[in-house]
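Below you'll find the structure, written out as structure tokens, and then a few comments.
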Protein chains: 2
Amino acid sequence: MRQSELFTKTRREAPKDEAAKNAELLIRAGYIHKEMAGVYSYLPLGLRVFNNVVRIIREEMNAIGGQELELTTLQSPELWKKSDRWRDDSIDVWFKTALKDGGELGLGTTHEEPMTALMTEYVSSYKDLPKYVYQFQTKFRNEKRAKSGILRTREFVMKDLYSFSKDEKEFRTFYEKCAAAYKKIFDRAGIGDTTFRTFASGGSFSKYSDEFQCVCDTGEDTVYIDEKKRIGVNKEVYTDEVLTDLGIAKAELKERKAIEVGNIFPLGTRFSDALGLRYKDEHGKEVPVVMGSYGIGPGRLMGTIVEVLADAKGIVWPEEVAPYAVHILSITGGNRDVSTEADRLYELLRENGIETLYDDRDIRAGEKFADSDLIGIPKRVIVSEKTMSEGGVEVVLRKDGSTTFVAESDIIGHLAT
Amino acid sequence: MRQSELFTKTRREAPKDEAAKNAELLIRAGYIHKEMAGVYSYLPLGLRVFNNVVRIIREEMNAIGGQELELTTLQSPELWKKSDRWRDDSIDVWFKTALKDGGELGLGTTHEEPMTALMTEYVSSYKDLPKYVYQFQTKFRNEKRAKSGILRTREFVMKDLYSFSKDEKEFRTFYEKCAAAYKKIFDRAGIGDTTFRTFASGGSFSKYSDEFQCVCDTGEDTVYIDEKKRIGVNKEVYTDEVLTDLGIAKAELKERKAIEVGNIFPLGTRFSDALGLRYKDEHGKEVPVVMGSYGIGPGRLMGTIVEVLADAKGIVWPEEVAPYAVHILSITGGNRDVSTEADRLYELLRENGIETLYDDRDIRAGEKFADSDLIGIPKRVIVSEKTMSEGGVEVVLRKDGSTTFVAESDIIGHLAT
């Protein structure tokens, strides 16, 4: 993409109404646009990052047997009354609306009920199980406050997977498989080192659930982390009794602020009982399906990457999520030959399938460098009179500023890796 | 995908509450699930088709310079009051909801207002224009009746592109470019032959708009088509005066029922005036941006393909939108060697990047054939004792039932084309 054609522009000044670093940087760099508190649009650069995060999650969910579908936002009360979650004191973040004829509807905050109801149409025998079904679906949550940028919003896409197993043992096997897939996702998203599997409350469904908490000073959650064992405990269950139960030594734990970037949750038969999801086992006996739910918000993950990896100059994207792999900067100093050479290089990279943003704008070099730092693409390629006279380009890594001179003949080999 | 692992199943009986052919077939074959009237989930097979339709549209929008973003569902009244479209008698299909603190919100039915407001932040000079911005975004429309399956729903994704041009001439050039892109989209989606560009009312914005109407007996619209010239006129503007104005001969027109699969719409300065989207021209004079909007609903397009191309046995997908390119049916007759051979073939196709659904279920041959007809994948590959003894497979085209015997050594070459 030629930057001169991109409709968004960077801005120097921070937006006045944003306290969160992720929103400030993402807005300044032209990744997102605030529609109202807690409601953000994704601009072209932002949508590219978002889609990369989605792709990583999708690949890992498919690898563990997930089947993708897409349920709806509009929810009729019927199903939710069966599980007693229609009441506003049961789920306190409902947005409700109404049909023309007056029938009340809700905007889905989560999808256990419709997913369970759907499965009753397809599951009747032990032969139909296990099944793992997921979606990337927009949730609506009527949050009272929304001041953490894209970390906590009123409208956001969630990857929610639901597991349907014959029994507790089969469920646990998948639960651990999904935990391992989550680890891969956070590794690929560049926050693996700072993300810990953390025991949390199981709510009314089970003893514990597991969260994936990314340590970060601006996080909303407080967790206690054993950095050697790479596990942790959420403050909400941090008691001597629980530590003993889990076999965790208090002395090894450090208190940290963290962002919950994922969670996996045993649901037992809470929803299969409420919605009648049963199957006949090998002896012909009807038993309820054992369920679990597994969530990751791609937008929150994207915001967390910004919070954790950004530096004083701007965003620093890890390779797999970056909007482009390479950012070409032409530093022409008014010399048209430099533009021509940069144009040629841009076409060469495109032909070789290297995703490239090309700053071909007629502006000062200093502005190009500042914008490039702010936007945070992993590899910057500088084309100037100087690099041309030396027969190559300068490649600068965004993450550490290290510079390498790459000869013309090595450019594709160097950038493709 | 092994069909034994797919969680959906086909059903023989038509759903009782569906009058529309598209919904009946798509539900029976396991493509969609009805949540309530006018609200459908997309199951794994359906999501694959839907995503293929989206991919076609995205490629053609990118090819004419479209930049993709994604705006939000939640809409605050502020912007819509500026254009006087917040009132329920101005847009009569609003779903409204409210924040916890009582502030009223709407669910976006269309996005001219937020898109125009967004552009005011990035457009100030003639150098910033033209720009073409689009999204695949979920619209909510509080339709009184919803009985046409996925052709008219209360919640649906729309591709809406908005053009921002310096003047009428620049706008018209893009308008025709987009019309040509739409033609390509409908060709690739397999309904090009039966889809006609049709003059329709321009509403309060301009004299005419253009619709793309796919001739179909179950369509809601009435159009008058000149089949030779491949143009038409919507009944809503079918008067002698309009025909004269357009230079269309009444004698050449035939009345037809049709489904509107796309529309392109001159907006003039209706929204740029209301929301203050102006730019400075080359003489420093401030003038309003000239806009247009361009819509296609991928779900409606998918439903139209079913309505138009299905036969008595089931759905017939064109190649570019089909959920899989090939459907392998193993007709084992209890012979394990046939299963082994079909397994091997399935792996071979996967290794060669041919997207394949493999009916490996232990059911009668007749059921497999009936399901395969219903599901409608373009190429069916039959593996049986007979084909094995002849050293190849039988390939049956869904669209015309024609059968070809393909020798083992030619299979990949034959199926990859």
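All of these numbers come straight from a predicted model, not from anything done at the bench. A, B, ... follow the sequence lines: proteins, then strands. Residue 1 opens every chain.
Annotation: Arg350(B), atom CZ; neighbour count of heavy atoms from other residues, nucleotides and ligands within 6.0 Å does not exceed 12. Around atom CG of Asp101(B), more than 12 heavy atoms belonging to other residues, nucleotides or ligands sit under 6.0 Å away. Enclosure of atom CG in Asp362(B) is not indicated, since only 12 or fewer non-hydrogen atoms of other residues, nucleotides or ligands lie within 6.0 angstrom. Other residues, nucleotides and ligands place no more than 12 heavy atoms under 6.0 Å from the CZ atom of Arg145(A). Heavy atoms of other residues, nucleotides or ligands lying less than 6.0 angstrom from CD of Glu78(B) number 12 at most.
A donor-acceptor pair is defined here as one N or O able to donate and one able to accept, closer than 3.5 Å; no such pair exists between the side chain of Glu70(B) and the backbone of Ser41(A). Here the side chain of Gln67(B) pairs a donor or acceptor atom with the backbone of Phe7(A) at under 3.5 angstrom. Checked by atom type and distance alone, the side chain of Lys9(B) pairs as donor or acceptor with a backbone atom of Tyr122(A) at under 3.5 Å. No donor-acceptor distance shorter than 3.5 angstrom exists from the side chain of Thr72(A) to the backbone of Tyr40(B), with no hydrogens or angles considered.
Interface remark: of the candidates Glu5(B), Met1(B), Lys144(B), Glu5(B) forms the most heavy-atom pairs closer than 4.5 Å to chain A. Interface remark: of the candidates Val133(A), Val123(A), Asp88(A), Val133(A) forms the most heavy-atom pairs closer than 4.5 Å to chain B. The candidate with the highest count of non-hydrogen atom pairs below 4.5 Å against chain B, out of Leu45(A), Leu71(A), Ile32(A), is Leu71(A). Ranked by heavy-atom pairs under 4.5 Å with chain A, the list Tyr42(B), Phe164(B), Trp94(B) is led by Tyr42(B).
Rounded to the nearest 0.5 angstrom, Asn142(B) CG and Lys100(A) NZ are separated by 5.0 Å. Atom CZ of Phe140(B) sits about 10.5 Å away from atom CG of Leu105(A), to the nearest 0.5 Å. Here Met36(B) contributes atom CE and Gln75(A) contributes atom CD; the two are 6.5 Å apart, rounded to the nearest 0.5 Å.
By the 4.5 Å heavy-atom criterion applied to side chains, Phe95(A) and Leu107(B) are not counted as neighbours.
Across every non-hydrogen atom of Thr97(A) and Lys96(B), the tightest pair is OG1-O, 2.7 Å. When all heavy atoms of Leu118(B) and Leu43(A) are compared, the closest pair comes out as CD2-CD2, 3.7 Å. For the residue pair Pro114(A) and Glu35(B), the shortest heavy atom distance occurs at CB-OE1, 4.1 Å. Contact record, Thr73(B) with Glu155(A): N-OE2, 2.6 Å, taken as the closest heavy-atom pair.
Only the side chain of Leu47(A) comes within less than 4.5 Å of a heavy atom of chain B; its backbone N, CA, C and O stay farther away. Contact of Leu6(A) with chain B is made through backbone and side chain together, with heavy-atom distances under 4.5 Å. In this structure, chain B has no heavy atom under 4.5 Å from any part of Leu129(A). Only the backbone of Ala98(A) comes within less than 4.5 Å of a heavy atom of chain B; no side-chain atom from C-beta onward does.
Using a cutoff of 4.0 Å between basic side-chain nitrogens and carboxylate oxygens, Glu121(A) and Arg11(B) are scored as salt-bridged.
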